[in-house]
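Quick caveat: nothing in here was measured; it's all calculated off a predicted structure.
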Amino acid sequence: MLALGGNALARAGEPATIANQFRHARESIDPIVELARDGWRIAIVHGNGPQVGDELVRNQLARDAVEPLPLGVLVAGTAGWIGYMLQQSLQNALRRAGIEREVATVVTQTLVRPDDPALAAPSKPIGHALPDDRAEALRLQGAAIGRDGSGRWRRLASSPAPLGIVEAPLVLRLVRDGVIVVAAGGGGPPVYADPVLGLEGVDAVVDKDLVASILARQLDAEVLMILTDVDAVYRDWGTPEAAPVRRMNLAEADAMLAGGAVTAGSMKPKLEAAAGFIRSGGRRAVIARLSDGPAALRGETGTTIERAM
C-alpha cells in the first residue's frame, strides 16, 4: 500500500497548473514502476490538499454563476482527475519499461461516524498557504482559517476519523488480479450509513494517511509505505539536534506521538497511520521521501516501523 502526498503533484511555490501537475505525476511514478517490476501487488492512495483547496477557490469565484459544490463532492472530483493523471502516467511508464500491468482508478467512499466530534471542529489544513490579507478576508466570509505545522495560514476542514472503505472488497479483487489500483483519493469522500437512506455524504475531508492505513489492513497488505517530501521521521525536529530515526518499534512510535515529538500539521498523521497499521497486525510500515521509495523498502533510507526490533 503506497500513500502519496498531494504535494507529489502540486509543489509549494509553483503554480498548480494542470501542465505542472501532469509533469510531476510523470516524475512521481518512477519508484512505483520499479516496485511493479519487482512483482509487488500495489494499491495507491493519494492526497489532494492543494487541489481541493483550489476547487474551493473556484467555488468562491463562481458562486454567483453556478451553485457551489459541497466539499465531499469536491473530494470525489479531485479523486477522479488526480487518479486519471496518475493512471495515465503509470500506463505510459509501464509500457515504456515493458511491464505488462493494468492500472485502474476507483473512486471509493470512506465510512465515518455522523456524530464524530471532529465534524464540528475544522482542523485539517487544505489548499495552498494564504497571505495575511487573504486569510483575514476568508475568515470574515465565514471560512475556517488556521495555521499549519509550518506556521502558514491555511483553510481548515473538518476531518472525521475513518472507519473503513466501502469498496475495499472490489479493490482487493483487482489487486489480487495484479491490477495497480489508485483508490481512496484524497482520503475518499466521507460518508455515513443512514438506517433509512443508506450511504449519505458528509461535508468534510478524511486524512489520506489514516485511510491508507485502514485500507492496507482491509487488503491484508504486507507493507504500508507513506511517501512524502521529507526523507524520514526526525527526532527533535526543528532544533539543532534534529536527527532522522531510521528504525523504531511500535512502543517507540507511540512514545513519540504521546510526547508531542511530531506536530499535527506535519508528520503526526503519518506516524499515527503507520503505528495503527502495525498495531492492527501489519508487518511493516515505512515513511520516506517519494523518490526513495524502493530504497526505503529495502531498509536503506527512510523510517521503518515494526512491532518489535
Taking [X] for the side chain and [Y] for the main chain, is one N or O donor matched with an acceptor at less than 3.5 Å?
X	Y	answer
R176	R173	no
Q218	I165	yes
T110	G187	yes
D116	A118	yes
R284	L297	yes
E136	D133	no
S159	V205	yes
T303	V245	yes
Q109	E167	no

What are the two closest heavy atoms between [X] and [Y], and how far apart are they?
X	Y	answer
A204	S158	CB-O, 3.3 Å
F277	A285	CD2-CB, 4.3 Å
A253	A275	CB-CB, 4.4 Å
A296	A288	CB-CB, 3.4 Å
G276	S213	C-OG, 3.9 Å
P68	N59	CA-OD1, 3.6 Å

According to a hydrophobic-cluster definition based on side-chain heavy atoms being under 4.5 Å apart (Ile, Leu, Val, Met, Phe, Trp, Tyr only), do [X] and [Y] belong together?
X	Y	result
I29	Y84	yes
L86	V33	yes
V107	M1	no
L210	V112	no
V52	W81	no

Note, [X] side chain near [Y] side chain (heavy atom, < 4.5 Å):
X	Y	value
I42	V175	no
L35	L2	yes
V233	P244	no
I32	L4	yes
R134	W153	no

Roughly how far, to the nearest 0.5 Å, is [atom2] of [Y] from [atom1] of [X]?
X	Y	atom1	atom2	answer
L224	I214	CG	CD1	11.5 Å
E306	M248	CD	CE	11.5 Å
D30	L90	CG	CG	9.5 Å
I226	K208	CD1	NZ	7.0 Å
I287	M267	CD1	CE	6.0 Å
I44	L227	CD1	CG	9.5 Å

Report, as yes or no, whether the 6.0 Å neighbourhood of atom [atom1] on [X] holds more than 12 heavy atoms from other residues, nucleotides or ligands.
X	atom1	value
D220	CG	no
R289	CZ	yes
E102	CD	no
E67	CD	no

Requested in this report: Return yes if a side-chain donor-acceptor contact under 3.5 Å exists between T105 and Q87, otherwise no.
Outcome: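 Per modelled atom types, T105 and Q87 side chains form a pair under 3.5 Å.
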Requested in this report: Please determine, by modelled atom types, if H24 and E27 share a side-chain donor-acceptor pair under 3.5 angstrom.
Outcome: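 A pair is found: one side chain offers a donor N or O, the other an acceptor, under 3.5 Å apart.
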Query raised in the report: Do V103 and V179 pass the side chain to side chain contact (heavy atoms under 4.5 Å, CB included) test, and can you show the C-alpha distance, the side-chain angles, and the key distance before you say yes or no?
Result: CA-CA 6 Å; V103 187; V179 179; 5.8 Å; no
Query raised in the report: Thinking salt bridges, do R155 and D148 make one under a 4.0 Å N-O criterion?
Result: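 So R155 does not pair with D148 through a salt bridge.
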Query raised in the report: Salt bridge or not for E34 and R37, using N-O below 4.0 Å?
Result: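 Answer for the salt bridge query: no.
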Query raised in the report: Out of K270, K124, K268, which residue meets the salt bridge (charged side-chain N to carboxylate O under 4.0 Å, His left out) rule with D209?
Result: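 Checked K270, K124, K268 against D209; only one passes salt bridge (charged side-chain N to carboxylate O under 4.0 Å, His left out): K270.
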Report task. Walk me through it: do L215 and T108 pass the test side chain to side chain contact (heavy atoms under 4.5 Å, CB included)? Result -> CA-CA 11 Å; L215 183 56; T108 60; 6.0 Å; no
**Report entry** Test side chain to side chain contact (heavy atoms under 4.5 Å, CB included) applied to E55 and N48, step by step
**Finding:** CA-CA 10 Å; E55 291 300 294; N48 71 342; over 6 Å; no
Requested in this report: List the steps, then state whether side chain to side chain contact (heavy atoms under 4.5 Å, CB included) holds for T301 with R246.
Outcome: CA-CA 7 Å; T301 187; R246 294 303 180 194; 3.7 Å; yes
